[in-house]
Enquirer: 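Right, I'll just put the structure down here and ask away after.
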Amino acid sequence: MQNTFTSKESFKNAFTLKTSNLFNKEVNQTTVYERYVVLATLLNETLNENYNKTNQYVKENHLKKTIYFSMEFLMGRLITSNLMNAGYASVVKEAFDDFGFNLNEVELAETDAGLGNGGLGRLAACFLDSAASLGLPFYGNSIRYQKGFFVQKIENNKQVEYPDPWLDKEFIWEEKREDESIDIPYFGELNGIQLVNPTWVKAVPYNVKVVGANNNVVTHLRLWSTEPSKKQLVQDEKYLKMVSKISESLYPDDSTDEGKILRLQQQYLFSSAGIQDAIREHKALGRDLKDLPKYYTFQINDTHPTLIIPELMRILIDEEYMGYDEAWSIVTQVAAYTNHTILAEALEKWNIELFKRLLPRIYQIVEEMDRRFRLFLKGKNLSQDKINHMALIGSHDVRMAHICIYGSFSVNGVAALHTNILKEIELNDFYQIYPEKFNNKTNGVTHRRWLMHINPELVNILDKTVKGNWRKDLSAIKELENFKDDESIQKEIKNMKLAKKRQLIDVIYKDTGVKLDENAIFDIQIKRLHEYKRQSLNIFHVIYLYLRLKKDANFRKTFHPQNFIFGAKAAPSYVMAKYIIEIINRTAQIINNDPETKDLLKVVFVQNYNVTYAEYLFPAADLSEQISTASKEASGTGNMKFMLNGAITIGTMDGANVEIVDYAGIENEIIFGLSAEEVTQAYKANSYNPRKIFDNDKRIQDVFEFIKSLDKDEHYFDFVFNNLLNVDYFFVLADFDAYVEAQSRANKLYQDEKTWWRMSIMNIANAGFFSSDRTIKQYNEEIWHLDTIKL
Ligand SMILES: *Cc1c(COP(=O)(O)O)cnc(C)c1O
C-alpha cells in the first residue's frame, strides 16, 4: 500500500506540501502547533482509506455491532496512539529528526479531548482502543460537549474551575455527518399515545476515528451535537439557548429543576439518536427488525443511557407497529447493562413529574413496563413490600438502574468483588429473580497507551527479557517473572523509575513550582476527589508523619524521604471534596517550607489532573495509593496502570485490588484495613463509633489540631471534623491506625532494595490480566458474540 507514511521520504514530501497548502510557509518556519496540525491532518486523511475499508467490510458481511453508550469518553490526546496503532510512529520520528523537530513536543500541542470526568470515561476510551485492536465492530456513542470537563486551577489553596473550550481549536480527528442528523422531540403533550407539539432539536453526529493496532481496522466514536431543527417552527431566543445548552457541557449543575431537565435532555439526546441511527442503518441494509438482536448489542455504560430501553420500545411500537410483547422480546435481547457503583448517591433516580414533562411518551412506556414488571413479580410470590422496592417507578421517582436490569439480558459488575456484592447484597433481590443475567467483567486498561506509549524505558527492558509477543498479548509479560531476582534487571527497573521520576519532576516543577526529590519514594494518589476514595486518610497520615518527624530524631534517621503527590478534581458542587483539596494544599505549604523536614517530606497537589498528566504520573510512582473504604470502589483502573508500570499497591481489599493481590501475590502489595465484609457488617449493626477512636488516639487528635491551626479565621474545617467525629461514613478513623502501620511497612520495604525491586517486577509481570484486551475478549465471548473484521 502506497501512502504518505510508507517511507521517510514520502512523508517528508507530503509534510512539506501540506504545510505549504495549509499555512503557506516553509516547513522550518512553522510553529509547534502548526506542525501538529499538519501531522494530524496528514494522518487523519491517510486513515480514511482503512476507515472506508472497515466500514465496507462490516456492511458487506453484515457483521454484528456493539454500540457502547456512554455519557463519558475520556480520550486524552489521540495523536500518539493513532500514530502508534497505525504503525507510523517511527517513520514520523525519523522524518522529524531530519527536520530538526521534536515529535514529543509536537504531540503535546494537541489538547486533551476531556469528554469525561474519571475512570468510567477512561474505561470507555480504553475499550475503543482494545476493541479496534482486536478487530471488533465496536462503536462508541456519546455527546460532543462543546466544553470538556472543567479546567482546574489551585488558587489560594482552593480549587477554581475554568471552562475547557477544547473545541475552540479545530478537532482534527472528527468528521461532521450533517446528512445523518436526527430530530429529537422533547416536551409536548400526549393525545393517547401520540406526542403532539413537541420541541424539536436536531442531533448532528460527528465521527471520531479509532485506530486498531497493526490490523488496518479503523472504527469510530460517534458524538452527537445539537442544532436548531427545521421541524421547529418557532425559534425564539429561549429555544436557541436551550438547543446549545444540551450539548454544551458534561454534568451541568443539577441542583435546580432546570439543571435536572438539562441532564435528562442530554441523556435522551445520545440515547435516542444512537438507537434511531442503528435502526436506520439496520433497515437500510434490508434487514428485518425482528433480527435486530442478531446485528446489534447496545451496551449501557452505567445508567446514563438507560433511556435506550423505553426509546427502543417507543420506536418498535409507535413507528414500526409491533405489539408490546414482540417489542419487549427484541429489547431484552439487545440491551446489556454495566453497573459501576454501589454508592446510593449514584443510583440514578428521576422525579416523576420532571420526567413526564420532558418525555411524556417515554414516561407512558415506562409506566407500562412498571405495571408489567410488578405483575411478573407478583407471579413470583414476592411480598408487596419487596415489589415496591424493586419496581421501576417508586412513589416519587423513576429508577434507572431497575429499568436497566429489567430490560437487559446481561448485567455485569466491573471486578470480582463488586459483582459479588451486587449479587449477594445490593442487587440481591434482582439476582434471585434473574441469576442468569448477572456476570462479571473485571475492568482493564489498554497497555498500548498505559505502557507502550508512556513508558518506552520499560518497553526496552521487556524487549530484552520477554520472548513472547507481549505487545499483542500482554499475558506474555509473565515471563518477566523469571528475572525477579536478577540483580541487573532489578537495577534496570530501578533506573527506569528514576528516569520517569526525573521527567515527572520537571513537569510538576513547571506546574506548581515545587521541586520533588528524585531519591524519595514517590507516593501517588490520583483519582477523582471523593470521600470514599479517602484522600483524607492519606493527608491525615502525611500530617501525622510530619509531626512525628519534627519531634522524633531517631525516627528521622530510619525514615526514607517520601514525596506525596495528589491529583484530583472535585465536582464543582461537592463541598466536602473541596475542603479536602484545601487541607491538602494548606498542609503542603507548611511542610514544603519547613527547613526541618523539607529534605524528608514533600507534598504536592498537581493542577488539573487529566489523561496527559496521568501519562507522566503513573510511570513515576513507587507507591500506588488505592485506599478506598472496602466495598466502595467498584473496580478502579488507576490501580492497574500503576501496577503495569511497576508501582506497589498500598491499599485496601477493595475493587480490583483484590485481583491484583491474587495475581501478584499478597507479599508483593501492602494491604491494610477493614474488609468489605467488616464494613458491611458495621453498617448493618450500626456499630461504628468514630468518636471513641478519636478519644483513644492521640495521633488523630494531633492531626486534627494541626488542621485547625491551618486556618484561624474560617471555621469550615469544623464541618469536616463534625462529619468525621459523628458519622465518618467511610471509616477514615477506623482505618487510620492500620494505614499508619502499612505506610511504615512501605517505607522500610523501600529501603530493602532487593525486596522492593523484586516486588516491583512481580507487579509488572503479573499485570497481563489487566489489559483491556482481555476485558473486551470476555465481553465479546460472553455477551456480544461479534465476529472480527479481517482486512
Ligand atoms: C485511570 C484514570 C482514572 C481512574 O482512576 P481510578 O484510580 O481508577 O479512580 C481517572 N482519571 C484519569 C485521567 C485516568 O487516567
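No hydrogens, no waters, no symmetry mates; every other heavy atom, side chains included, goes into these values.
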Enquirer: Take Glu582 and Lys578 through the salt bridge (Lys or Arg N to Asp or Glu O under 4.0 Å) test and state the conclusion after the steps.
Expert: CA-CA 6 Å; Glu582 197 176 344; Lys578 289 183 153 180; over 6 Å; no
Enquirer: Under 6.0 Å between the ring centres of His447 and Phe770?
Expert: no
Enquirer: Can you see whether Tyr162 has Lys153 sitting over its ring - NZ or CZ less than 6.0 Å from the centre and within 45° of the normal?
Expert: yes
Enquirer: Checking side-chain polar atoms at under 3.5 Å, does Lys748 have a donor or acceptor matched by the opposite partner on Ser744?
Expert: yes
Enquirer: Looking only at non-hydrogen atoms, find the nearest pair between Ile524 and Ala621 and report the distance.
Expert: CD1-CB, 3.7 Å
Enquirer: Quiz question: by atom type and distance under 3.5 Å, do the side chains of Thr612 and Arg77 form a donor-acceptor pair?
Expert: yes
Enquirer: For the residue pair Asn747 / Gln562, report whether a side-chain donor-acceptor contact shorter than 3.5 Å exists.
Expert: yes
Enquirer: Identify the two heavy atoms, one from Ala742 and one from Phe672, that lie closest to each other, and give their separation to 0.1 Å.
Expert: CB-CB, 3.8 Å
Enquirer: Show the nearest heavy-atom pair for residues Asn519 and His560, with the distance to one decimal.
Expert: O-NE2, 2.8 Å
Enquirer: Using only heavy-atom distances, determine whether the side chains of His418 and Asp654 contain a donor-acceptor pair under 3.5 Å.
Expert: no
Enquirer: Which heavy-atom pair separates Gly655 from Ala415 by the least distance, and what is that distance?
Expert: C-CB, 4.0 Å
Enquirer: Does a donor on one side chain and an acceptor on the other come within less than 3.5 Å for Thr338 and Asn412?
Expert: yes
Enquirer: Would Arg699 and Phe736 count as a cation-pi pair here, with the cationic atom under 6.0 angstrom from the ring centre and within 45° of the axis?
Expert: no
Enquirer: What pair of heavy atoms forms the shortest contact from Glu72 to Asn117, and how long is it?
Expert: OE1-N, 2.8 Å
Enquirer: Go through the side-chain N and O atoms of Asn645 and Asn455 and say whether any donor and acceptor fall under 3.5 Å apart.
Expert: yes
Enquirer: So do the side chains of Ile581 and Ile154 get within less than 4.5 Å of each other, counting heavy atoms only?
Expert: yes
Enquirer: Looking only at the side chains, is there a donor atom on one of Glu481 and Asn766 sitting less than 3.5 Å from an acceptor on the other?
Expert: yes
Enquirer: Taking the six-membered ring of Phe150, is the NZ or CZ of Lys569 close enough (under 6.0 Å from the centre) and on axis enough (within 45°)?
Expert: yes
Enquirer: For side-chain contact (heavy atoms from CB on, under 4.5 Å), just list the numbers for Phe564 and Leu601, CA-CA rounded to whole Å, side-chain angles, deciding distance to a tenth of an Å, and then say yes or no.
Expert: CA-CA 8 Å; Phe564 294 87; Leu601 272 192; 3.6 Å; yes
Enquirer: Anything under 30° is parallel, anything over 60° is perpendicular, the rest tilted; go ahead and classify Phe730 against Tyr532.
Expert: tilted
Enquirer: For Lys501 and Asn563, does a side-chain donor sit closer than 3.5 Å to a side-chain acceptor?
Expert: no
Enquirer: Is a donor from one side chain sitting under 3.5 angstrom from an acceptor on the other, for Tyr337 and Asn339?
Expert: yes
Enquirer: Whether the Glu659 and Thr442 side chains hold a donor-acceptor pair (N or O, under 3.5 Å, no angle test) is what I'd like checked.
Expert: yes
Enquirer: May I ask you to check if Lys515 and Tyr509 form a cation-pi contact, with NZ or CZ under 6.0 angstrom from the six-membered ring centre and within 45° of the axis?
Expert: yes
Enquirer: Please evaluate residues Gln607 and Gln152 with respect to the criterion side chain to side chain donor-acceptor pair (under 3.5 Å), reporting the C-alpha separation (whole Å), side-chain torsions for both, the decisive distance (0.1 Å), and the verdict.
Expert: CA-CA 6 Å; Gln607 304 184 85; Gln152 176 197 56; over 6 Å; no
Enquirer: Do Lys550 and Asp594 pass the salt bridge (Lys or Arg N to Asp or Glu O under 4.0 Å) test, and can you show the C-alpha distance, the side-chain angles, and the key distance before you say yes or no?
Expert: CA-CA 10 Å; Lys550 276 180 82 74; Asp594 188 331; 2.5 Å; yes
Enquirer: Can you give me the closest heavy-atom contact between Ala746 and Trp756, atom names plus distance?
Expert: O-CZ3, 3.9 Å
Enquirer: Within the structure provided, determine whether Arg534 and Glu625 are in side-chain contact (heavy-atom separation under 4.5 Å).
Expert: no
Enquirer: Any side-chain heavy-atom pair from Ile693 and Tyr688 closer than 4.5 angstrom?
Expert: yes
Enquirer: Taking atom CG of Asn156 as the centre, does the number of heavy atoms from other residues, nucleotides or ligands within less than 6.0 Å exceed 12?
Expert: no
Enquirer: Kindly write out the residues that satisfy side-chain contact (heavy atoms from CB on, under 4.5 Å) with Asn696, not counting sequence neighbours, or none if the list is empty.
Expert: Lys692
Enquirer: Under 6.0 Å from the CD atom of Glu677, do we count more than 12 heavy atoms belonging to anything else shown?
Expert: no
Enquirer: Between Leu74 and Asp112, is any pair of side-chain heavy atoms under 4.5 Å apart?
Expert: no
Enquirer: Return the CG to CG distance between Asn610 and Asp164, rounded to the nearest 0.5 Å.
Expert: 9.0 Å
Enquirer: With rounding to the nearest 0.5 Å, note down the distance linking OG in Ser631 to CD1 in Ile425.
Expert: 7.5 Å
Enquirer: Going from CG on Leu123 to OG on Ser772, what distance comes out if it is rounded to the nearest 0.5 angstrom?
Expert: 7.5 Å
Enquirer: Using distance only, find each side-chain donor-acceptor pair of residues 702-710 under 3.5 Å and give its atom names and separation, not counting sequence neighbours.
Expert:
from	atom 1	to	atom 2	distance (Å)
Asp702	OD1	Lys698	NZ	2.8
Asp702	OD2	Lys698	NZ	3.1
Ser709	OG	Phe706	O	2.6

Enquirer: When you compare the side chain of Asn157 with that of Phe605, does any pair of heavy atoms fall below 4.5 Å?
Expert: no
Enquirer: Nearest 0.5 Å, please: how far is CG in Leu120 from OG in Ser70?
Expert: 5.0 Å
Enquirer: What pairs with Phe642 under ring pair (Phe, Tyr, Trp, His ring centres under 6.0 Å), at least two apart in sequence or on another chain?
Expert: Phe618
Enquirer: Using ring pair (Phe, Tyr, Trp, His ring centres under 6.0 Å) as the criterion, list what pairs up with Tyr683, not counting sequence neighbours.
Expert: Tyr729, Phe731
Enquirer: For Glu669 and Gln626, which I'm curious about, is there any donor-acceptor pair between the side chains at under 3.5 Å?
Expert: no
Enquirer: Quick one: pull up CD in Gln490 and CD1 in Ile761 and give me the separation to the nearest 0.5 Å.
Expert: 5.0 Å
Enquirer: For Glu424, enumerate each residue passing the side-chain contact (heavy atoms from CB on, under 4.5 Å) test, keeping only those at least two apart in sequence or located in another chain.
Expert: none
Enquirer: Is the closest side-chain donor-acceptor distance between Glu633 and Ser628 under 3.5 Å?
Expert: no
Enquirer: State which residues pass ring pair (Phe, Tyr, Trp, His ring centres under 6.0 Å) with Tyr613; sequence neighbours excluded, sorted by chain then number.
Expert: none
Enquirer: Look at atom OH of Tyr663 and say whether more than 12 heavy atoms of other residues, nucleotides or ligands are closer to it than 6.0 Å.
Expert: no
Enquirer: Does the side chain of Lys527 reach to within under 4.5 Å of the side chain of Gln535, using non-hydrogen atoms?
Expert: yes
Enquirer: Can you find a pair of side-chain heavy atoms, one from Glu518 and one from Ile505, that are under 4.5 Å apart?
Expert: yes
Enquirer: Could you tell me whether the side chains of Glu161 and Gln159 share a donor-acceptor contact shorter than 3.5 Å?
Expert: yes
Enquirer: Using side-chain heavy atoms (C-beta onward) and a distance below 4.5 Å, is Lys441 in contact with Asn443?
Expert: no
Enquirer: I'd like to know whether Leu250 forms a side-chain contact (heavy atoms from CB on, under 4.5 Å) with Leu115, so could you lay out the CA-CA distance, the side-chain angles of the two residues, the decisive distance to 0.1 Å, and finally the verdict.
Expert: CA-CA 7 Å; Leu250 175 65; Leu115 308 181; 6.0 Å; no
Enquirer: How many angstroms lie between CZ in Arg548 and CZ in Arg556, if you round to the nearest 0.5 Å?
Expert: 11.5 Å
Enquirer: Begin from the C-alpha positions of Trp450 and Thr637 and carry the test side-chain contact (heavy atoms from CB on, under 4.5 Å) through to its verdict.
Expert: CA-CA 11 Å; Trp450 297 111; Thr637 50; over 6 Å; no
